[in-house]
Structure formats: C-alpha cells, structure tokens
Amino acid sequence: TGGHTTEILRLLSCLSESYSPRHYVLADSDKMSEAKIRSFEQKRAETFSESQFSLDRIPRSREVRQSWISSVVTTLYSILYSLPLTYKRKPDLILCNGPGTCVPVCLSAFLLGLLRIKRTIIVYVESICRVETLSLSGKILYYFSDYFIVQWPDLKKKYPKSVYLGRIV
C-alpha cells in the first residue's frame, strides 16, 4: 500500500500511450493507492488525451503479519476472485512489482494461458528495497513470470533467470 504503487507509477510514467487501456488491480482494503493512481492518470491525460484506465479490486491475499496457514486460505480465495476478472480483461501484459495482490492476478493469468484461453506476458519487477533476498511475491512469481527484473546485482547472482537492469525506479 503506497510504496509499491509509487514504484509502479514511476515505471508506467516511462511507457508510451500504446500501453492503453491500463487496468489497475488493487486490494479491496487499499485506499491510499487509488488516490495515487487517479492523480497519476489525471496528469497523464493532460499529455495523452485518449488515455484510458480502470480500477478493479480483489480481496487482499495476505495481510501483514498474517499467519501462513490462514494466508493459504485467503490467497486461494483471492485467486478464485481473480479468475473471472482476468478472464474478463484478458490482458496482453501484466506489469507488477511485489504487493501480494499481484500473485493471484498473475497465477490467474498463467492458468488462462495453460488452458489456451489467453496468453499473457507477465513482467515482474522486484522492489528496489529488496537488495539481498526476494520478497514473498518474488519468490512465488520467479517461476511464473516471463521476465523477472531485479534492481541489485546480488539478486541477479542468486537468481539466474532474473534480468538486472540497474535501478529503474
């Protein structure tokens, strides 16, 4: 809530208007990020008059300090909630950077690809604050993403599938 949103909006600010429409997926309990996204998109609309975006909410897959056992249940619930959303949106690309909300969405998109319904490219950018170890989301999505970007050279050494581009946010 907040930090990941700031990072992803920095990345999006570098993208052309061809990445449109943009569909943001937020945890249902995340109030701060919606305001940041709306502000970002309002500024973007000043440059790109045809700018389109939408906001969707899903149940939070894991709260901070939530037990591992109950996290499995809430994550499964979030995946079930994400499947119809992902099927409806059928994204070409998912760009995500670590909040737990991205895991159910990415796994739903991965499943749609396995079922040959829609192939989605998943690009995961590990947060800049992850210097020596991956986040829990990163540890999961390392195996499901098409591109896994890290911002520190030590992570590239530990995770050979990753792509090190330097600090990009």
Side-chain angles (χ1 to χ4, degrees), residues 1-63 71-127 134-149 161 163 168-169:
T1 303
H4 289 295
T5 303
T6 300
E7 285 187 9
I8 203 74
L9 293 178
R10 283 185 188 155
L11 288 171
L12 290 175
S13 68
C14 299
L15 297 180
S16 72
E17 186 53 23
S18 62
Y19 292 91
S20 183
R22 287 165 304 287
H23 304 287
Y24 297 91
V25 180
L26 310 169
D28 55 5
S29 59
D30 183 351
K31 306 299 179 218
M32 185 186 310
S33 295
E34 181 174 350
K36 286 184 176 191
I37 291 166
R38 290 193 183 282
S39 175
F40 169 81
E41 286 292 340
Q42 186 176 15
K43 288 176 187 165
R44 190 171 175 90
E46 293 171 5
T47 305
F48 303 108
S49 59
E50 301 295 317
S51 187
Q52 296 178 8
F53 77 99
S54 65
L55 291 166
D56 292 299
R57 294 190 174 274
I58 63 170
R60 187 177 290 273
S61 57
R62 183 173 186 268
E63 296 287 346
S71 294
V72 171
V73 174
T74 55
T75 300
L76 288 173
Y77 176 66
S78 190
I79 290 169
L80 289 174
Y81 200 92
S82 298
L83 277 167
L85 174 63
T86 309
Y87 179 79
K88 174 185 166 188
R89 297 290 185 197
K90 291 187 178 73
D92 295 318
L93 170 78
I94 294 177
L95 176 64
C96 56
N97 68 328
T101 306
C102 72
V103 173
V105 174
C106 290
L107 293 179
S108 297
F110 185 77
L111 180 61
L112 291 180
L114 288 178
L115 297 173
R116 300 189 188 274
I117 294 171
K118 171 65 176 168
R119 169 77 170 98
T120 300
I121 296 170
I122 299 172
V123 178
Y124 182 86
V125 180
E126 185 62 270
S127 176
L134 297 180
S135 62
L136 179 58
S137 297
K139 288 175 183 173
I140 295 167
L141 294 176
Y142 180 76
Y143 300 99
F144 296 97
S145 61
D146 296 286
Y147 300 96
F148 191 93
I149 300 170
K161 174 191 166 189
V163 177
I168 59 174
V169 293

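Values in this document were obtained by computation on a predicted structure and should not be read as measured data. Side-chain atoms are counted along with the backbone in the values below, which use heavy atoms only and exclude waters and symmetry mates.
- The closest donor-acceptor contact from the side chain of Lys161 to the backbone of Tyr142 lies under 3.5 Å.
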Between Glu17 and Thr47, does a side chain to side chain contact (heavy atoms under 4.5 Å, CB included) hold up when you go through it step by step? CA-CA 9 Å; Glu17 186 53 23; Thr47 305; over 6 Å; no
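- Ionic pairing of Arg89 and Asp56 is present here: one or more N-O contacts between side-chain nitrogen and carboxylate oxygen are shorter than 4.0 angstrom.
- Rounding to the nearest 0.5 angstrom, the gap separating the CD atom in Glu126 from the SG atom in Cys96 is 10.0 Å.
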Check the pair Ile117 / Lys90 against side chain to side chain contact (heavy atoms under 4.5 Å, CB included), numbers first and verdict last. CA-CA 9 Å; Ile117 294 171; Lys90 291 187 178 73; 4.2 Å; yes
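- Using modelled atom types, no side-chain atom of Ser39 and backbone atom of Lys36 make a donor-acceptor pair closer than 3.5 Å.
- How far CG of Leu111 is from SG of Cys106: 13.0 Å, rounded to the nearest 0.5 Å.
- At a threshold of 4.5 Å between non-hydrogen side-chain atoms, the residues Thr5 and Met32 do not count as touching.
- The environment of CZ in Phe53 is crowded: more than 12 heavy-atom neighbours from other residues, nucleotides or ligands sit within 6.0 Å.
- The backbone N or O of Pro91 lies less than 3.5 Å from a partner atom in the side chain of Thr120, making a donor-acceptor pair.
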Evaluate the criterion side-chain hydrogen bond (donor to acceptor under 3.5 Å, both in side chains) for residue pair Ser135 and Ser137; output intermediate values, then yes/no. CA-CA 5 Å; Ser135 62; Ser137 297; 4.8 Å; no
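- To the nearest 0.5 Å, the span separating OH on Tyr147 from CG on Leu93 amounts to 10.0 Å.
- To the nearest 0.5 Å, atoms CD (Glu7) and CD1 (Ile168) are separated by 9.0 Å.
- Side-chain atoms of Leu95 and Leu12, non-hydrogen and from C-beta on, do get closer than 4.5 Å to each other.
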Pair Tyr124-Leu134, side chain to side chain contact (heavy atoms under 4.5 Å, CB included): steps then yes or no: CA-CA 12 Å; Tyr124 182 86; Leu134 297 180; over 6 Å; no
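- The neighbour count for Lys43 NZ, taken as heavy atoms of other residues, nucleotides or ligands under 6.0 Å away, does not exceed 12.
- Looking only at distances, a side-chain donor or acceptor of Asn97 sits under 3.5 Å from a matching main-chain atom of His4.
- With Ser78 contributing its side chain and Arg60 its backbone, the two residues share no donor-acceptor pair below 3.5 Å.
- Note that CG of Leu85 is 9.0 Å distant from NE2 of His23, once rounded to the nearest 0.5 Å.
- Using a 4.5 Å cut-off on side-chain heavy atoms (C-beta onward), Leu141 and Ile122 make no contact.
- Heavy-atom neighbours of Tyr19 OH from other residues, nucleotides or ligands within 6.0 Å: at or below the threshold of 12.
- Note that the CD1 atom of Ile79 and the OG1 atom of Thr74 stand 10.0 Å from one another [nearest 0.5 Å].
- Of all heavy-atom pairs between Thr86 and Ser108, the closest is OG1-CB, 3.5 Å.
- With hydrogens and angles left out, the side-chain atoms of Ser51 and Arg22 include a donor and acceptor closer than 3.5 Å.
- Under the 3.5 Å distance criterion, the side-chain polar atoms of Thr75 are matched with a main-chain donor or acceptor of Ser61.
- Arg57 places a side-chain N or O within 3.5 Å of a backbone atom of Asp30 that can act as its donor or acceptor partner.
- For the pair Pro59 and Tyr81, the minimum side-chain heavy-atom distance is below 4.5 Å.
- For the pair Tyr24 and Phe40, the minimum side-chain heavy-atom distance is below 4.5 Å.
- Using a 4.0 Å cut-off between a side-chain N of Lys or Arg and a carboxylate O of Asp or Glu, Arg119 and Asp146 qualify as a salt bridge.
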Side chain to side chain contact (heavy atoms under 4.5 Å, CB included), that's the test. Do Thr101 and Leu26 meet it? Break it down for me. CA-CA 7 Å; Thr101 306; Leu26 310 169; 5.9 Å; no
